[in-house]
There are 2 protein chains.
Amino acid sequence: MKEESTQNKIKDTALSLFARKGFEGTSLSDIASGVGIKKPSLYAHFKNKEDLFLGVIYKVTVDYNEFFANEAERLNGESPENQLYYLLVKNTEYLRNDELGLIFKRMMLFPPESLREEIYQMFEKTEEVMKSVIKSILMQMDRHKDWEQVFDAYLCLLDGVFEQVFYYSPEEHQKRLENSWSLFINGVHCRTEGK
Amino acid sequence: MKEESTQNKIKDTALSLFARKGFEGTSLSDIASGVGIKKPSLYAHFKNKEDLFLGVIYKVTVDYNEFFANEAERLNGESPENQLYYLLVKNTEYLRNDELGLIFKRMMLFPPESLREEIYQMFEKTEEVMKSVIKSILMQMDRHKDWEQVFDAYLCLLDGVFEQVFYYSPEEHQKRLENSWSLFINGVHCRTEGK
DNA sequence: AGGCGATTGCCTACCGTTCGTTAGTTAGTA
DNA sequence: TACTAACTAACGAACGGTAGGCAATCGCCT
């Protein structure tokens, strides 16, 4: 039951290395020795380095999509505010804990030049899912027309928090998240009341 | 008057390449051919690749520090709100237009492993300057104790906008910035009135 | 002012290493 | 028997970096 296939062991090791050192910064020797085999043996499982890399990235996007959709569904009964809040928190936790988060971020911001298009294509679906989930939450919050402002601001909040995962300790980061969130939701309520 | 020194031409070319392709993804041959000289000639100007790279990064931090301090000073007469807003806008423009912004971001998030410590050390000053400038603006806005919440939220806003520079077209990005800002400043005012 | 040694800035040629990748082979398995 | 997954050996290319040479320029001394 434990016996993980070599194929998967390669992907896991590659994921970890690609996440920490990037595509160009990771060599096939590194990966092979991490797995415990010799470099040419990798070619029994993958066509070449790019193929391996894209396979890893694909796995990452699928995992993230699943995570996000599951989280969203789990929150279905909650108030819209709570949904937004917990989505923010869960998203942060995911991005912080796993190397998945690391490579996700790296590839969104600095993909290897030669693979940029293919990578962006993979992330397109992710972005779509995220946006439609968030939009539907906002629509149930208040139905007036300019939900778009809140939408943009929430996405900015997500991105800002996403970014800060790297700079700060979990505790410090949590504090900043809370503060940013409070001001955000304050702004949302203030605006709706002001109408 | 035009004659730029080779030394500077190297740094400029290196900056551009490092920004777009990263440290590992950029070769000395690339740089040399961009400058119009041969690879070994680079060694008349720099000890090695790391030395060149750190020189570039140093220049970048100095330039950014100057920019930020100047912008802040130029806004001295304005209202705190305006100061915050224009700082956000100017910062965004800076990061979008120049390759300086690109490399700045890349190095803060994904520095080459072997140089991480030195790079972070360089950015320390930058962060300090930014924080003290923003803090002083907030202090003149309202003097009650929990300016820290607004501080955290503003930094998150900065980071979020910073991040989004990459995904969206300038027009789209501008729209998102406006919306995020509106909600932010809404939240700030609502909070102070609520007290 | 004029000669001159040292220095600068670039060159060609080349080094050792590591890179991604291929070829050919062998041991185990079904 | 045929396939799988590993191996050893080695490939050409590209990497960062060095050695040595040559022409222009600079600083200094008479």
Side-chain angles (χ1 to χ4, degrees), chain A residues 1-58 103 106-107 110-116 118-119, chain B residues 1-58 103 106-107 110-116 118-119:
Chain A
M1 180 169 287
K2 233 23 321 212
E3 300 295 310
E4 203 187 2
S5 77
T6 305
Q7 178 111 200
N8 281 335
K9 214 152 50 165
I10 293 174
K11 272 193 185 167
D12 288 348
T13 308
L15 166 62
S16 170
L17 287 170
F18 283 141
R20 276 162 26 220
K21 319 208 285 177
F23 180 73
E24 294 93 349
T26 300
S27 75
L28 293 182
S29 323
D30 286 345
I31 297 171
S33 87
V35 175
I37 61 176
K38 294 302 161 77
K39 181 174 57 161
S41 307
L42 293 174
Y43 284 81
H45 304 275
F46 301 96
K47 206 166 109 263
N48 53 32
K49 192 185 182 185
E50 294 195 351
D51 181 50
L52 168 56
F53 181 75
L54 289 176
V56 167
I57 299 300
Y58 179 76
I103 200 169
R106 194 192 273 268
M107 287 313 121
F110 303 104
E113 252 193 328
S114 58
L115 303 174
R116 219 186 50 204
E118 277 139 299
I119 292 174
Chain B
M1 182 169 287
K2 226 47 293 236
E3 299 295 312
E4 205 188 359
S5 76
T6 305
Q7 177 110 202
N8 280 335
K9 216 152 49 166
I10 293 174
K11 272 192 184 166
D12 288 348
T13 307
L15 166 61
S16 170
L17 288 169
F18 282 141
R20 276 161 28 219
K21 320 210 286 176
F23 180 73
E24 293 93 350
T26 301
S27 74
L28 293 182
S29 324
D30 286 344
I31 297 171
S33 86
V35 175
I37 61 177
K38 295 302 162 79
K39 180 178 60 165
S41 306
L42 292 174
Y43 285 81
H45 303 278
F46 301 97
K47 204 166 111 263
N48 54 34
K49 192 186 183 185
E50 294 195 350
D51 181 49
L52 167 57
F53 181 75
L54 290 176
V56 167
I57 299 300
Y58 179 75
I103 199 169
R106 194 192 272 268
M107 287 313 120
F110 304 104
E113 253 192 329
S114 57
L115 302 174
R116 220 185 49 205
E118 278 138 298
I119 292 174

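A note on names: the letters A, B, ... follow the listed sequences, proteins ahead of strands, and every chain is numbered from 1.
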Taking the side chain as C-beta and beyond, is there a heavy-atom pair between [X] and [Y] under 4.5 Å?
X      : Y      : result
B:E24  : A:F23  : no
B:K11  : B:F46  : yes
B:E118 : B:I57  : no
B:L54  : B:I119 : yes

Is there a donor and acceptor pair, one atom on the side chain of B:K49 and one on the base of D:dG17, closer than 3.5 Å?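 Answer no: no donor N or O sits under 3.5 Å from an acceptor.
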Heavy-atom closest contact (B:A19 atom, B:I103 atom, distance):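 In terms of heavy atoms, the two residues are closest at CB-CB, 3.7 Å.
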Shortest non-hydrogen separation from A:I31 to A:T13 and the atoms involved: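 Heavy atoms of A:I31 and A:T13 come nearest at O-CG2, 3.8 Å.
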Proximity to the side chain of [X] - top-ranked nucleotide from [options]:
X     : options                : result
B:S27 : D:dT18, D:dT8, D:dG16  : D:dG16
A:K39 : C:dG20, C:dC11, C:dT22 : C:dG20
A:I37 : D:dG16, D:dT18, D:dC7  : D:dC7
B:P40 : D:dT18, D:dT8, C:dG20  : D:dT18

Could you state the atom-to-atom distance from [atom1] of [X] to [atom2] of [N] in whole Å?
X     : N      : atom1 : atom2 : answer
A:N48 : D:dA13 : CG    : C1'   : 16 Å
A:L17 : C:dC19 : CG    : P     : 12 Å
B:I31 : D:dC15 : CD1   : P     : 11 Å
A:K38 : D:dT4  : NZ    : P     : 23 Å
B:Y43 : C:dC11 : OH    : C1'   : 16 Å
A:F46 : C:dG20 : CZ    : P     : 15 Å
B:K9  : C:dC10 : NZ    : C1'   : 13 Å
A:L42 : D:dT8  : CG    : C1'   : 15 Å

Under 3.5 Å, side chain of [X] to main-chain N/O of [Y], donor-acceptor pair present?
X      : Y      : answer
A:R116 : A:P111 : no
B:K39  : B:S27  : no
B:R20  : B:T26  : no

Take B:K21 and B:D30 through the test side-chain contact (heavy atoms from CB on, under 4.5 Å) and record every step on the way to the result. CA-CA 11 Å; B:K21 320 210 286 176; B:D30 286 344; 3.5 Å; yes
Tell me whether B:K49 at atom NZ has more than 12 heavy atoms from other residues, nucleotides or ligands lying less than 6.0 Å away.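 Yes, because the 6.0 Å sphere around NZ of B:K49 holds more than 12 heavy atoms from other groups.
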Could you run down nucleotides 24-30 of chain C 5' to 3' and tag each one B, S or - for protein heavy-atom contact under 4.0 Å? -------
How many angstroms lie between NZ in B:K38 and OG in B:S33, if you round to the nearest 0.5 Å?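 Rounded to the nearest 0.5 Å, the NZ-OG separation comes to 10.0 Å.
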Note down the inter-axis angle between the two ends of the helix from C:dA1-D:dT30 to C:dA30-D:dT1, five pairs each, to the nearest 10°.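 Result, rounded to 10 degrees: 0°.
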If you restrict it to nitrogen or oxygen atoms, what contacts under 3.5 Å exist between nucleotides 7-9 of chain C and the protein, and what is each distance?
none

Looking at B:S29, does any N or O in its side chain come under 4.0 Å of the phosphate oxygens OP1/OP2 on D:dC15?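 Yes, B:S29 has a side-chain N/O under 4.0 Å of OP1/OP2 on D:dC15.
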